[in-house]
Amino acid sequence: MLRRMCFKLRCLLLENWRRGWVLLLWIMAMATLFVWKFMQYKNRAAFQVMGYCLCTAKGSAETLKLNMALILLPVCRNTLTWLRSTKARSFVPFDDSINFHKTIACAIAIGVLVHGGSHLACDFIRLTNAPPEKFALIASDFSHGKRPTYLELLISILGITGIAMVVFMAIAFILATSHFRRNILRFPAPFNRLTGFNAFWYSHHLLGLVYILLVIHGTFLYLSHQWYQRSTWMYIAVPLLLYMGERTVRACRAEHYSVKIFKVSVLPGDVFSMVMSKPQGFKYKSGQYIFLQCPSISPFEWHPFSITSAPGDEYLSVHIRTVGDWTKELKRVFTEVNNSPFVIGRARFGGPGYIDNNCQPKLLVDGPYGAPAQDYRNYDVLLLVGLGIGATPFISILRDLLNNSRPEDQMDLATEMSRSDDSWNSLASSNYTANSSLTIGGKKKSPPRTRNAYFYWVTRESGSFEWFKGVMDEVAEMDHKGQIELHNYLTSVYEEGDARSTLITMVQALNHAKHGVDILSGTRVRTHFARPNWKEVFRKIASKHPHATVGVFYCGMPVLAKELKKLSVELSHLTSTRFEFHKEYF
């Protein structure tokens, strides 16, 4: 029993030490600021009038200043993307940036309740009812030495700005919760506009007003008169300037990164792919994502999508599932326009029709931005797990691994993206030929660390395999070194060995043995039925790669993440192979 508890504690520490020290430092900073400000006001004359209510309000206000500054840092995407490429990634959990953002938001909500509650329900009442002899101790801090009434305190600059901030933050906080943001709650019209991504996006911009009000609120303080005592601007100046600078850079860059659409492919399962031109100077890593904006739909909305092309390609591609009003409208704009020259067909990385810039809707790109999967080169072995559309960030990784592992004598053959269109092949061939060089800018390429990759794609619909059919065939055909293993799993069919799936299993095996093509996916990759035995998958990788570091990357719904995370920790302690888990939700 004791040994098991020690084992679990050790696993917990090894798994969460990076989160732990950041949270500990943050909590210590808040506690220090609270105690410092609490004791400061306890030793002032105002304490004789308003007591511990004032100390509590001022202590929580100091933590609010800190958190209002810190909450901006996790959403400075350009800065975080750059930091991911530094050594800071080894001790800072950048994958948890949004979770930290949410945690700080919760701390702000608690701080607002404590600060506002202490004022409204305690020290304002004690101040307005204070005996004249006690109020005389702090009379000089108020206008004309007159004791204010409760209403005068509420309608003062401090009262109005404080109440307005609470209202704006409450709106942004409520509409950002998962029930509102993910359309889980259903309201009748016109209240249905309060749910969904648009409500979340636009309500968050109210926080711009909150910061203006915060500076005003922190300037007109009753009990602080020296400029250095009004420290609100000192806390938020640098983070706010950094965030504003990032937004400015994004706006300028987006105008420069206007792309030309080469091909749009409508696919099964409410998915479509877009192949577009690569903006000049646009550099990215496999696993990263970009934001897209279509001004003809909305001049303000930006939506993130994983890049499915490889860094060496001379084009960008994304695969998009139509799950909201914006994505549905994007699909309509690019595929259902009258006399549209766009190609509608199966998803293969080939055969784009060149579109005149005057005939296509404008599409802007912002990015690239860092994601957990971009660090795949830091591992000896990769275990890539995608649920449905969650496979998108890993397609770019597979293509990049394939590009870097091609034998020199077969480089020209391997450049073929799709045999259906010669013009697209010429573009891809020149691209791969250029990137097959052993030197870049006179510098020798360092050999990639990653030796093997195991890709598990789990989906409910067999039509989903059409999304990346060309890539799957290309990997199966060109991976002569056996570096990449592909595993497709169809969960809507009973598992292999079950009597109810015996017939289809037999037909599938015979067809694959005879023609080398899977009857379900239409690719060279054989489809398995039901869900993978993840414990067995981890054990096989551990036995095949002892003493290796395996990067486990998962993208999909949160349900499976817990199991994969648990297995990563367990197998890291039971075997000589180290598994490091990274998740990315969509």
Review point. Side chains of Asn78 and Arg253: do they bring a donor and an acceptor to under 3.5 Å?
Key: yes

Review point. Below 6.0 angstrom between ring centroids: does that apply to Trp17 and Phe91?
Key: no

Revision key, fill the gap. Checking Tyr379, Tyr376, Phe394 against Phe553 for ring pair (Phe, Tyr, Trp, His ring centres under 6.0 Å), the one that qualifies is Tyr379

Exercise for review: Test side chain to side chain contact (heavy atoms under 4.5 Å, CB included) on His582 and Val552 and set out the steps.
Suggested key: CA-CA 6 Å; His582 305 270; Val552 181; over 6 Å; no

Point to revise | Arg230 (side chain) donor-acceptor with Gly218 (main chain) under 3.5 angstrom | key: no

Check your understanding: For the side chain of Ser568 and the backbone of Phe581, is there at least one donor-acceptor N/O pair under 3.5 Å apart?
Key -> no

Check your understanding: Would you find more than 12 non-hydrogen atoms of other residues, nucleotides or ligands less than 6.0 Å from Arg578 atom CZ?
Key -> no

Check your understanding: Of Trp326, Tyr369, Trp302, which is the lone residue that meets ring pair (Phe, Tyr, Trp, His ring centres under 6.0 Å) with Phe291?
Key -> Tyr369

Check your understanding: Do Asn198 and Glu301 pass the side chain to side chain contact (heavy atoms under 4.5 Å, CB included) test, and can you show the C-alpha distance, the side-chain angles, and the key distance before you say yes or no?
Key -> CA-CA 8 Å; Asn198 287 347; Glu301 290 185 49; 2.8 Å; yes

Revision key, fill the gap. Rounded to the nearest 0.5 angstrom, the OG-CG distance for Ser85 and Leu80 is 11.0 Å

Check your understanding: How about Phe579 and Phe538: are their ring centroids closer than 6.0 Å?
Key -> yes

Point to revise | Side-chain donor or acceptor of Trp534 paired with backbone N/O of Arg531 under 3.5 Å | key: no

Exercise for review: Determine whether Val259 and Leu292 make a side-chain contact, defined as any pair of heavy atoms from C-beta on separated by less than 4.5 Å.
Suggested key: no

Practice item. Kindly check if the number of other-residue, nucleotide or ligand heavy atoms within 6.0 Å of CE (Met244) is above 12? Key: no

Check your understanding: What's the spacing between Ser178 OG and Leu185 CG if we round to 0.5 Å?
Key -> 8.5 Å

Practice item. Compute whether any side-chain donor of one residue and acceptor of the other, for Glu62 and Tyr235, lie under 3.5 angstrom apart. Key: yes

Check your understanding: Are any of the side-chain heavy atoms of Thr81 and Thr79 separated by less than 4.5 Å?
Key -> no

Review point. Of all residues at least two apart in sequence or in a different chain, which pass the salt bridge (Lys or Arg N to Asp or Glu O under 4.0 Å) check with Arg84?
Key: Asp95, Asp375

**Study point:** From Lys134 atom NZ to Gln48 atom CD, the distance as rounded to the nearest 0.5 Å
**Key:** 6.5 Å

Check your understanding: Are the side chain of His101 and the backbone of Ile71 linked by a donor-acceptor contact shorter than 3.5 Å?
Key -> yes

Check your understanding: In Å and rounded to the nearest 0.5 Å, what is the CG to CZ distance from Asn43 to Phe38?
Key -> 10.5 Å

Review point. Would you say Thr63's side chain and Ser60's backbone share a donor-acceptor pair under 3.5 angstrom?
Key: yes

Exercise for review: Would you kindly check if the NZ (Lys) or CZ (Arg) of Arg44 is within the cone defined by 45 degrees around the ring axis of Tyr41 and under 6.0 Å from the six-membered ring centre?
Suggested key: yes

Exercise for review: Take His319 and Thr308 through the test side-chain hydrogen bond (donor to acceptor under 3.5 Å, both in side chains) and record every step on the way to the result.
Suggested key: CA-CA 7 Å; His319 284 67; Thr308 53; 3.3 Å; yes

Check your understanding: Is atom NE2 of His179 surrounded by more than 12 heavy atoms (other residues, nucleotides or ligands) closer than 6.0 Å?
Key -> no

Exercise for review: Any chance you could lay out the side chain to side chain contact (heavy atoms under 4.5 Å, CB included) test for Val112 and Val166, step after step, and finish with the verdict?
Suggested key: CA-CA 7 Å; Val112 167; Val166 172; 3.7 Å; yes

Check your understanding: Out of Thr232, Leu33, Ile236, which residue meets the side-chain contact (heavy atoms from CB on, under 4.5 Å) rule with Lys65?
Key -> Thr232

Practice item. First locate atom CH2 of Trp26, then atom CG of Leu70, and finally report the distance between them rounded to the nearest 0.5 Å. Key: 8.5 Å

Practice item. Report the relative orientation of the aromatic rings in His119 and His115; use parallel for angles under 30°, tilted for 30 to 60°, perpendicular for over 60°. Key: perpendicular

Review point. Is it the case that Tyr52 and Ser118 place a side-chain donor and acceptor less than 3.5 Å from each other?
Key: no

Point to revise | Contact check, side chains of Leu127 and Phe135, non-hydrogen atoms, under 4.5 Å | key: yes

Check your understanding: Has the side chain of Arg321 got a donor or acceptor atom that lies under 3.5 Å from a matching backbone atom of Gly388?
Key -> no

Practice item. Please check if the side chain of Thr322 supplies one atom and the backbone of Asp270 the other of a donor-acceptor pair under 3.5 Å. Key: yes

Practice item. Can you see which heavy atom on Ala391 is nearest to which on Phe455, and at what distance? Key: CB-CZ, 3.8 Å

**Study point:** Side chain proximity check, Val318 to Phe272, heavy atoms < 4.5 angstrom
**Key:** no

**Study point:** N-O pairing of Asp366 and Arg250 below 4.0 Å
**Key:** yes

Check your understanding: Does Tyr284 use its side chain to pair, donor to acceptor, with the backbone of Gly287 at less than 3.5 Å?
Key -> no

Review point. Roughly how far, to the nearest 0.5 Å, is CG of Asn67 from CG of Leu72?
Key: 11.0 Å

**Study point:** Glu563/Lys566 salt bridge by N-O under 4.0 Å criterion
**Key:** no

Review point. Do Gln288 and Lys285 have side-chain N/O donor and acceptor atoms under 3.5 Å apart?
Key: no

Review point. Quick one: are His303 and Phe305 in side-chain contact, heavy atoms under 4.5 Å?
Key: yes

Check your understanding: Do Phe168 and Ser203 pass the side chain to side chain contact (heavy atoms under 4.5 Å, CB included) test, and can you show the C-alpha distance, the side-chain angles, and the key distance before you say yes or no?
Key -> CA-CA 8 Å; Phe168 290 152; Ser203 65; over 6 Å; no

Practice item. State, to 0.1 Å, how close Gly370 and Tyr289 come at their nearest heavy-atom pair, and which atoms those are. Key: O-CE2, 3.2 Å

Point to revise | Glu152 side chain near Thr128 side chain, heavy-atom distance below 4.5 Å | key: no

Review point. Do you know the tightest heavy-atom contact between Ser306 and Thr392?
Key: CB-OG1, 3.6 Å

Check your understanding: Within a strict 4.5 Å, meaning less than it, do heavy atoms of the Leu330 and Val333 side chains meet?
Key -> no

**Study point:** Leu54 and Leu223, any side-chain heavy atoms less than 4.5 Å apart
**Key:** yes

Check your understanding: Short question: side chain of Ser317, backbone of Ser309 - any donor-acceptor pair under 3.5 Å?
Key -> yes

